[in-house]
Amino acid sequence: MSGRLTSARLAQIARRTPANTPRLHRLFYTTTKLPAGGLLRNGAGARLVQRRAWPLGSYALHNLPATRSISFARVIPKLVTKFATAGAAAGGAVIAGVSYIQYQAGQAGSWAVNIFNKTYDGASGIAGEGVDTVSGIFGQITKGWGKTKEDLENVEKPEWLQRLLAKDESSGSQGGHGGGQGPEEPKKGGAAAAAAGVGSAAAFAPADEDENKIEEEKIARDEQMMMLTKKMIEIRGLLQTVGQSESLTLPSIVVIGSQSSGKSSVLEAIVGHEFLPKGHNMVTRRPIELTLVHTPDASAEYGEFPALGLSKVTDFGQIQKTLTDLNLAVPVQDCVSDDPIQLRIHSPNVPDLSLIDLPGYIQVVGRDQPPELKEKIAQLCEKYIKPPNVILAISAADVDLANSTALRASRKVDPRGERTIGVITKMDLVDAERGASLLGDKKYALRLGYVGVVCRVPPNASGSKLFSRGNGNITNAIAKNENAYFGSHPEFSSDSQLAVGTPNLKKKLMYVLEQTMAASLKTTSEAIQRELAEATYEYKVQYNERPLSAESYLAESLDGFKHSFRGFTDTFGRPQVRELLKHELDQQVLNLLAQRYWNRPFEDLSPPLPETDPLSSLARADPEGEHEIWQIKLDSSSAALTKLGVGRLATSVVANAIQAHIDRLVANSRFAAHPFARQAITEASTSILKDLSYDIADELEICIKPYKYRIELEDSEWARGRENVTAVLKEELQVCEAAAKRLEDQAGGRKKVRDVMAFIDRVRNGQVVLEGDGIGGAGGFSAPLLAKGREAVFLRDRTDVLKMRLLAVKSKQCANKKNKYHCPEVFLDAVADKLTTTADLFLDAELLSKFYYNFPRELDARLGRGLSQSEIDRFAREDPKIRRHLDVVRRKDLLETVLKEMESLRQLEAREKRSIRREPKEEKRRAGWSMF
């Protein structure tokens, strides 16, 4: 009874077992022990239990399947009925499988028949009432198998299957492994062998599926861990943009070590490229925040400098040069700077990591270095290795760990070594036993352990296909070198449990960073919630929850300016252009009159030549006896006016007026606080006006060309000119009187000015003789005072002439256009009016209409579609108030985004933990089934 149960005992147990007893409680062993490697069957199907290998020369069919103790009268009929109803169709579906199994079971056919018969007898003993039914079902199986075999023989078989069948027939004719049966025995055992083969296939399939499922779950967990790390690194980048709080950050791996410890080589081995700055003197003067982004689908490796706007730099030599320039930009007197350099490297060959490279520790300050350099480097490193950052302490193998600067610094902030990873470099420089002792050191034990690496690139690798210096990948060269060294020393075998090699270092860094980041998610999430509450309060109280972005601010500012410009177009039209042009031409008329009629020339204080007033002869002359000289003067004056370049003059006057109005609009708009936008608007208006002015000026000259040869005036035009010139002369008179008044105030009073003027008049009349040229002063008056006196005399004479000409214009003589030679002011003003009428009509149609159409569209191109995102942000931040508003809105939005990402990440992490806790239960469940 120790090893077997009799059939009678089994029948008693079966009869006493209730039908509703749980399935597991109704399982029992068959009368034969379950051998190692045997088959078991449960409610889920067949399963292989591998305990030890089968004996040499035996087959799987030598092991007895375990059977369920449930009533065969209930189970077997159902099972066999399915095979019977399927008939030849079910047999045909397993033709290939049966053929292979028949080959395997050919030599053991007779033995399988005996086993099958024993199983049949046992089932009859336990459930005698179902013998007849079972016998009939087995008969149906035999018939179904015969039909299937018959169909198999008629099927065209491939060559490999024919060879297997031929070999199977030859082995069957010679007798099985368990003794010869004669020619007929293999035929009898064929069905049994097929049935056993089908059971074996069914038994192996779930085991393979379980193994595949376990492997797939492992791969899924690894991918999920990588996704968690990538997500957390992305969140860390977002938190860096938020800034302003040390609590708003996720851990990074801070790399520390002395300058000769191989710190840069370790980082370059992880990245696979030489990209860090190198030099004889201390080159690393700023922290380098290195973010590695794993991009499996990327076709190229490249780096990015987000702060500099440099993206997709594929030349790692250029990355190295940029890092060198940025580090050397730190002044020597400042030693080091805590302003980090942000570098991101995207590559399919790097893991997702967040690293910070710091300047290496030094022991002695050089003569050309500041005395406080050692202290500043220590302070900078101490700032970054504070919790929760992970410390990557780099130590060289040829330096005793007791003298490791990196371990000494990490012990200050991490005395228990819970967040420090030790990296032993230059392992090939010491004996293998010495290197192994360093990696397994207990005196300076670290919870995260030590990793030994040989990151030095072999000198002969530069000429190999694995590596080309400059922009080549050094991963293969380093891996080959490490494998050659560690593989040749048994001290570093897998049995030693020592972590060596750069690949193991990468895996450890990924795992530790993921765990550390996950551990700090809760505290970081709470800090984000506090910061978000503060930002939301400020947004609500100071800005009344008014949403604002750089794009919306630019759009609002541009719309407001366009609205102001539209108002300007309604108020500046042809009347305003006419007024501008008439005023300009009136000034030109006054200049012509002064040059040709009014001025009394004198250059200095010397006595003038006796000359009468040019207009006095006109006052005395008889109209019928006009001298031709006055006719020539008037014609030349009108010709000078028409040939003045009115087209270019009028165009420039109007263009300048438009530009002045645009400048005033800018000064009164939001753009007043934005130099970039002011410049863009000014360039837009000047470019349009400049392009239009050239063609319009030439076309306007053509329009006024007839007036250069003949000018005919109507009586109404003469009357209008007379009225207008009267107003112009009065205005000029007021200007002269006001200038004389200002001059008296500047010279020290009217009395002094009059004394100087009287002295000048006596000199001009010859009453006083000057000694010398009078440049240094004369008559007791200084040279500046004499200059002001000459100016006062000029203004007095001009005032007298204007008064006289006002009287002449108002006289009856100037009421008729026939007396134009006596009234040149009226005639020239009438000519200027005709020129103005032609010019304002043309300029209104050509210059104003085209400018009003093109200017808003040019604004859209320069300040709308033509701006990049960085330019839009720069524009908005030029205004301090808007910059503060944008910072609050951006901070609030970023914190909300980060908080959502953190929540989703925490949910993802919780699912990962549940799946990890579920695995031991699955293993226990599988182990429980394997017991049977």
Side-chain angles (χ1 to χ4, degrees), residues 557-589 641-672 677-708 717 720-721 724 728 829-866:
S557 302
L558 193 57
D559 290 343
F561 184 79
K562 287 182 179 179
H563 182 73
S564 301
F565 177 74
R566 192 175 298 111
F568 162 69
T569 60
D570 295 337
T571 58
F572 191 83
R574 184 183 175 186
Q576 288 74 28
V577 171
R578 177 180 177 79
E579 183 180 354
L580 284 173
L581 296 180
K582 188 63 174 67
H583 179 269
E584 184 64 26
L585 290 179
D586 285 342
Q587 296 302 314
Q588 297 297 329
V589 168
L641 183 60
T642 56
K643 296 178 182 179
L644 187 64
V646 176
R648 194 166 300 280
L649 176 65
T651 304
S652 63
V653 167
V654 176
N656 292 336
I658 293 175
Q659 187 61 53
H661 279 288
I662 295 297
D663 293 340
R664 284 194 290 272
L665 290 178
V666 173
N668 296 326
S669 68
R670 289 183 178 179
F671 293 132
R678 267 204 324 268
Q679 181 181 358
I681 295 173
T682 302
E683 290 177 353
S685 60
T686 53
S687 63
I688 295 175
L689 292 173
K690 186 177 180 180
D691 294 339
L692 295 174
S693 296
Y694 288 116
D695 296 336
I696 291 175
D698 295 338
E699 293 171 0
L700 183 56
E701 283 291 339
I702 295 175
C703 292
I704 65 173
K705 190 174 182 179
Y707 297 122
K708 296 180 180 179
E717 295 175 341
R720 190 166 56 250
N724 183 70
V728 171
D829 188 88
V831 172
D833 188 72
K834 292 179 75 69
L835 296 174
T836 302
T837 302
T838 304
D840 66 33
L841 181 63
F842 186 83
L843 291 176
D844 178 62
E846 293 294 324
L847 183 61
L848 293 186
S849 61
K850 291 182 179 180
F851 179 79
Y852 292 163
Y853 176 81
N854 292 326
F855 183 63
R857 289 158 180 79
E858 187 69 17
L859 286 181
D860 289 335
R862 290 176 179 265
L863 292 178
R865 300 182 301 271

Mind checking side-chain hydrogen bond (donor to acceptor under 3.5 Å, both in side chains) for [X] and listing every partner two or more places apart, or none if nothing turns up?
X      : answer
Lys834 : Glu717
Lys705 : none
Glu846 : Lys850

Validation row: [X], [Y] side chains within 4.5 angstrom (heavy atoms):
X      : Y      : answer
Thr838 : Tyr707 : yes
Thr642 : Val831 : yes
Val577 : Leu847 : no
Thr571 : Gln576 : no
Val728 : Val589 : no

Would the distance check show the side chain of [X] and the main-chain N or O of [Y] forming a donor-acceptor pair, the cut-off being under 3.5 Å?
X      : Y      : value
Asp844 : Asp840 : no
Ser687 : Ala684 : yes
Gln587 : Glu584 : no
Arg678 : Ala672 : yes

(Q) Tell me whether the rings of Phe568 and His661 are parallel (<30°), tilted (30 to 60°) or perpendicular (>60°). (A) tilted

Q) Hey, what's the ring geometry for Tyr852 with Phe565, parallel, tilted or perpendicular (30° and 60° as the breaks)? A) perpendicular

Interatomic spacing from [atom1] in [X] to [atom2] in [Y] - rounded to 0.5 Å:
X      : Y      : atom1 : atom2 : result
Arg670 : Ser564 : CZ    : OG    : 11.0 Å
His583 : Thr836 : NE2   : OG1   : 12.0 Å
Ser557 : Leu863 : OG    : CG    : 9.5 Å
Leu835 : Lys582 : CG    : NZ    : 10.0 Å

How close do [X] and [Y] get, heavy atom to heavy atom, and via which atoms?
X      : Y      : value
Ala657 : Leu580 : CB-CD1, 3.5 Å
Thr682 : Ser685 : O-OG, 3.0 Å
Leu649 : Ser652 : O-OG, 2.8 Å

For [X], enumerate each residue passing the side chain to side chain contact (heavy atoms under 4.5 Å, CB included) test, keeping only those at least two apart in sequence or located in another chain.
X      : result
Arg566 : His563, Thr569
Ala650 : Leu581, Leu700, Ala839, Leu843
Lys562 : Leu558, Asp860

(Q) Does the structure place the NZ or CZ of Arg857 under 6.0 Å from the centre of the six-membered ring of Tyr853, at an angle of no more than 45° from the ring's axis? (A) yes

Q) Can you name the residues that form a ring pair (Phe, Tyr, Trp, His ring centres under 6.0 Å) with Phe561, not counting sequence neighbours? A) Phe671

Q | Residues forming a ring pair (Phe, Tyr, Trp, His ring centres under 6.0 Å) with Phe842, sequence neighbours excluded | A | none

(Q) By the salt bridge (Lys or Arg N to Asp or Glu O under 4.0 Å) test, which pairs, at least two apart or in different chains, include something from residues 682-694? (A) Glu683-Arg862

(Q) Strictly by salt bridge (Lys or Arg N to Asp or Glu O under 4.0 Å), give each pair with a member in residues 654-666 just once, sequence neighbours left out. (A) none

In a table with atom names and distances, give each donor-acceptor pair under 3.5 Å that connects a side chain of residues 692-699 to protein atoms at least two apart or in another chain.
| residue | atom | partner | partner atom | Å |
| --- | --- | --- | --- | --- |
| Ser693 | OG | Leu689 | O | 2.5 |
| Asp698 | OD1 | Arg648 | NH2 | 3.4 |

Q. In chain order, what residues pass the salt bridge (charged side-chain N to carboxylate O under 4.0 Å, His left out) check against Asp833, with sequence neighbours excluded?
A. Arg578, Arg720

Q) Would you call Glu579 and Arg574 a salt bridge, using N to O less than 4.0 angstrom? A) no

